[in-house]
Amino acid sequence: MAVQEELPADAGQDAIDQLHSIRESIDNIDAALIHLLAERFKFTQGVGRLKAAHGLPPADPARELMQIERLRALAIEAHLDPAFAEKFLNFVIAEVIHHHVQIAGGQTASGA
Ligand SMILES: O=C(O)C(=O)C[C@]1(C(=O)O)C=C[C@@H](O)C=C1
């Protein structure tokens with residue numbers, strides 16, 4: 001069953017048109033985010049295979065600290081909540097580490 005958009009019955013046509021126009025941009029940005037994340041995961045899958053092949057640990061906490069510091073600074077510059085940027089990065093990295101562990105589970109250091 002299709003979900004219906006909820007718009008107040010008494011909203012003027014101009015407000016509804018503006019809302020639709022803004023939502024088009026939101027949808028474009030959401031699509032870009034999905035594509036960017038897909039590309040990031042393609043690269044991290046490569047890192048996971050490299051780490052597994054060479055017996056390197058899935059997580060690198062020192063690297064993560066540098067990434068957090070960098071992204072928090074970028075977030076401040078961009079007027080984005082740095083705590084949100086940090087939470088988002090940690091969420092993504094946790095998933096990457098989960099993938100790394102899975103890849104390592106199916107592969108020995110010798111690649112056999
Ligand atoms: O750079 C790495 O070593 C990665 O495995 C990638 C990545 C990341 O997603 O950015 C993930 C896990 C590490 O703890 C640090 C960074």
Side-chain angles (χ1 to χ4, degrees):
M1 192 178 68
V3 181
Q4 276 298 112
E5 281 184 334
E6 275 186 46
L7 292 173
D10 60 350
Q13 193 54 47
D14 190 47
I16 290 172
D17 290 348
Q18 276 187 57
L19 185 59
H20 279 149
S21 165
I22 295 168
R23 281 181 175 174
E24 267 181 30
S25 293
I26 291 171
D27 286 347
N28 285 343
I29 291 169
D30 287 348
L33 286 174
I34 292 298
H35 284 111
L36 286 172
L37 276 173
E39 281 304 300
R40 191 185 199 281
F41 276 100
K42 265 194 230 168
F43 280 112
T44 56
Q45 291 290 93
V47 172
R49 285 190 292 273
L50 190 68
K51 284 183 167 182
H54 296 275
L56 296 168
D60 183 341
R63 162 78 175 149
E64 289 176 30
L65 283 179
M66 287 189 287
Q67 288 169 289
I68 288 167
E69 198 181 335
R70 176 168 174 269
L71 284 203
R72 284 186 67 100
L74 285 172
I76 290 167
E77 226 179 275
H79 308 291
L80 179 72
D81 179 1
F84 171 76
E86 181 171 347
K87 255 195 286 183
F88 177 72
L89 182 69
N90 282 332
F91 179 68
V92 172
I93 287 180
E95 183 69 13
V96 171
I97 291 171
H98 179 67
H99 291 173
H100 286 358
V101 169
Q102 282 184 325
I103 293 169
Q107 211 172 323
T108 63
S110 67

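The structure displayed is predicted, hence computed values, not measured ones. Position 1 is the first residue of the sequence; numbering continues from there.
With hydrogens and angles ignored, the 3.5 Å screen pairs no side-chain donor or acceptor of K51 with any backbone N or O of L56.
Through direct or relayed side-chain contacts under 4.5 Å between Ile, Leu, Val, Met, Phe, Trp and Tyr, I29 connects to L33. Other members of the cluster containing M66 do not exist, because no ILVMFWY side chain is joined to it at under 4.5 Å. Using a 4.5 Å cut-off between side-chain heavy atoms of Ile, Leu, Val, Met, Phe, Trp and Tyr, I26 falls into a hydrophobic cluster with I22.
Cluster membership check: F88 does not share its hydrophobic cluster with I76, using side-chain heavy-atom separations under 4.5 Å among Ile, Leu, Val, Met, Phe, Trp and Tyr.
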Walk me through whether N90 and I68 qualify under side chain to side chain contact (heavy atoms under 4.5 Å, CB included). CA-CA 8 Å; N90 282 332; I68 288 167; 3.6 Å; yes
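Looking at heavy atoms from C-beta onward, L50 lies out of side-chain contact with V47 at the 4.5 angstrom threshold.
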Which atom pairs, donor and acceptor, lie under 3.5 Å between side-chain atoms of residues 93-100 and protein residues at least two apart or in another chain?
residue : atom : partner : partner atom : Å
E95     : OE2  : H99     : NE2          : 3.1
H99     : ND1  : Q45     : OE1          : 3.1
H100    : ND1  : V96     : O            : 3.4

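Contact record, A75 with A85: CB-CB, 3.7 Å, taken as the closest heavy-atom pair.
The salt bridge (charged side-chain N to carboxylate O under 4.0 Å, His left out) analysis of residues 62-81, with sequence neighbours excluded, yields the pairs R72-E86. The salt bridge (charged side-chain N to carboxylate O under 4.0 Å, His left out) pairs that include a residue from residues 22-42 are E5-R23, E39-K42, where partners are two or more places apart or lie in different chains.
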